[in-house]
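Since we're looking at a predicted model, the values are computed, not measured. Lettering follows sequence order; numbering is per chain, from 1.
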There are 2 protein chains.
Amino acid sequence: MSVDRRKLIVDAASKSFALFGYKATTMDQVAKLANVGKGTIYTFFSNKEELFDEIMNRLIQEMKLVADGEYDANRSFFDNLNRILYKILDFREKHQLAMKMAHEVRDMGTPKALEGLNKLEGAILSYIQVKIQTAIDKRELKICDPEVTAFVMFKLYLALASEWQHSHSPLEKEKITELFQLYLMRGLAEG
Amino acid sequence: MSVDRRKLIVDAASKSFALFGYKATTMDQVAKLANVGKGTIYTFFSNKEELFDEIMNRLIQEMKLVADGEYDANRSFFDNLNRILYKILDFREKHQLAMKMAHEVRDMGTPKALEGLNKLEGAILSYIQVKIQTAIDKRELKICDPEVTAFVMFKLYLALASEWQHSHSPLEKEKITELFQLYLMRGLAEG
DNA sequence: GAGTGACCAAAAATGAAATATAGTCATATA
DNA sequence: TATATGACTATATTTCATTTTTGGTCACTC
């Protein structure tokens, strides 16, 4: 068989969405980047949104894979959290798509980009939530609402890994995992 | 003397900025609301921005007053934090200006609204930062970077008091202070 | 029959004319 | 004569008709 045209399209679209965002990525451009006729895209995806969905689902799946690959049921919640966080922070490039979506939502309000981000956020939150529930059952975490706790962990992650650098120099990933431990796990109270 | 025209203007502008935002508040409207000729506004404020600055400074000062009024050097950092947080959460109406600014920045990107919000955020952050440093010196808090810690506390506050309700029913203010204690102070780690 | 790009309708960008707004100042008022 | 004012102006914003771009189709090619 000849080259896998579907993969060509998905790869080209991935790059384009991450580089230019949802709106600024045109089907003509994707076709040209993938060295494929525009009509060919529509034999695999019924519209632009479906193509975008596939890319987002891939990102989500990839992050799950990274997390699952690092997760070890025999280790403690903190240990797993630390190592997964660390691994995820290594993927700053992979974050580029999510970053671009966030930017686009912020300064253009593209609805499809917002939808994609929400889906990603939802996937991350429910992943964390399950791990939290497990840790509570194992008496590793204090009793708490897993949904609120997952939400807080995610927001803390965003604050340290992304928002902080809006007005300061970025924190090292070692620093971020360390702060995570201090603030959320051990707590600030002395003694 | 006749009625205090300056106060009339500031009060009218306060209401209008909180109700309609920066951009949608016109000087004509403020003049009409204050029952004052438009030219009169310019005898007190050299332009719209200066009028807005005065309103923001009043908000900042008012919040400081609330915080300082509740602060008691003899009590613990946690105790003070809790009570101040509680008091601030009571002022949901007073937050309306800040909320409106946040909305306006989010979906119109008005630069002056952003500037105002940043000023408010900066004031809050440096206020918290000083209290944190004091608490560290008193060995009430573990040693930590007061700037990052103030930032994290502020973000946690925003997450619980504002962002959470974007996709869930709002948390009671009792719940918010309780979660603050759990996550940041005592920490999630069991045992 | 898988792959294509010229083609079309719909959406978005453009820009010029119409409107609204910040800021001024000659005049009114007390 | 101090202060207060609103008609006025220059600038910024909105509107809207026109042009351009783009998502999606389909008759045709290889």
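Base orientation of D/dA2: syn, the glycosidic angle falling within 90° of 0.
Side-chain contact between A/Tyr86 and A/Asn82 is absent, with no heavy atoms from C-beta onward closer than 4.5 Å.
Across the protein-nucleic acid pair, A/Asn47 atom CG and D/dG24 atom P stand 5 Å apart, rounded to whole Å. Residue B/Gln29 contributes atom CD, which lies 17 Å from atom C1' of D/dG6 at whole-angstrom precision. At whole-Å resolution of the value, CG in A/Leu8 and C1' in C/dT4 are 15 Å apart. Atom P of nucleotide C/dT24 and atom CE of B/Met27 are separated by 10 Å, given to the nearest angstrom. The separation between A/Phe44 atom CZ and D/dG23 atom C1' is 18 Å, rounded to whole Å. D/dT22 atom C1' lies 13 Å from atom NZ of A/Lys32, rounded to whole Å. Taking atom OH of B/Tyr42 as the reference point, atom C1' of D/dG6 lies 13 Å away to the nearest angstrom. As rounded to whole Å, 12 Å separates atom C1' of D/dT5 from atom CD1 of B/Ile9.
For B/Lys48, whose side chain is taken as the heavy atoms from C-beta onward, the closest listed nucleotide among C/dG3, C/dA22, D/dA4 is C/dA22. Set against D/dT5, C/dT24, D/dG24, the side chain of B/Thr43 has D/dT5 as its closest nucleotide.
Summary of the strand contacts: A/Asn35 and A/Asp28 both lie near DNA chain C, and taking for each the nucleotide with the nearest heavy atom, the more 5' one is attributed to A/Asn35. With DNA chain D read from its 5' end, the first of the two nearest nucleotides for B/Met108 and B/Val36 is the one closest to B/Val36. Between A/Thr40 and B/Gly37, the one whose closest nucleotide on DNA chain D sits nearer the 5' end is B/Gly37.
For B/Lys131 and B/Tyr127, the positive end sits near the middle of the six-membered ring, less than 6.0 Å away and at most 45° from its axis. In this structure, A/Lys138 forms no cation-pi arrangement with A/Phe77, as its terminal cationic atom is not both closer than 6.0 Å to the ring centre and no more than 45° off the ring axis.
B/Lys38 has no side-chain polar atom (N or O) that falls below the 4.0 Å cut-off from OP1 or OP2 of D/dT5. Considering only side-chain N and O atoms, A/Arg5 lies nowhere under 4.0 angstrom from the phosphate OP1 or OP2 of C/dA2. Under 4.0 angstrom from either OP1 or OP2 of C/dA13 there lies at least one side-chain N or O belonging to A/Lys23. Checking the phosphate oxygens (OP1, OP2) of D/dT22, no side-chain nitrogen or oxygen of A/Thr26 falls inside 4.0 Å.
Of the charged side-chain nitrogens involved, none lies within less than 4.0 Å of a carboxylate oxygen, so that A/Glu62 and A/Arg58 do not count as a salt-bridged pair.
A/Tyr22 and A/Phe52 have perpendicular rings, their planes meeting at more than 60° on a 0 to 90° scale where under 30° would count as parallel.
C/dT29 makes up no base pair with any nucleotide shown, lacking Watson-Crick or G-U wobble contacts both under 3.5 Å.
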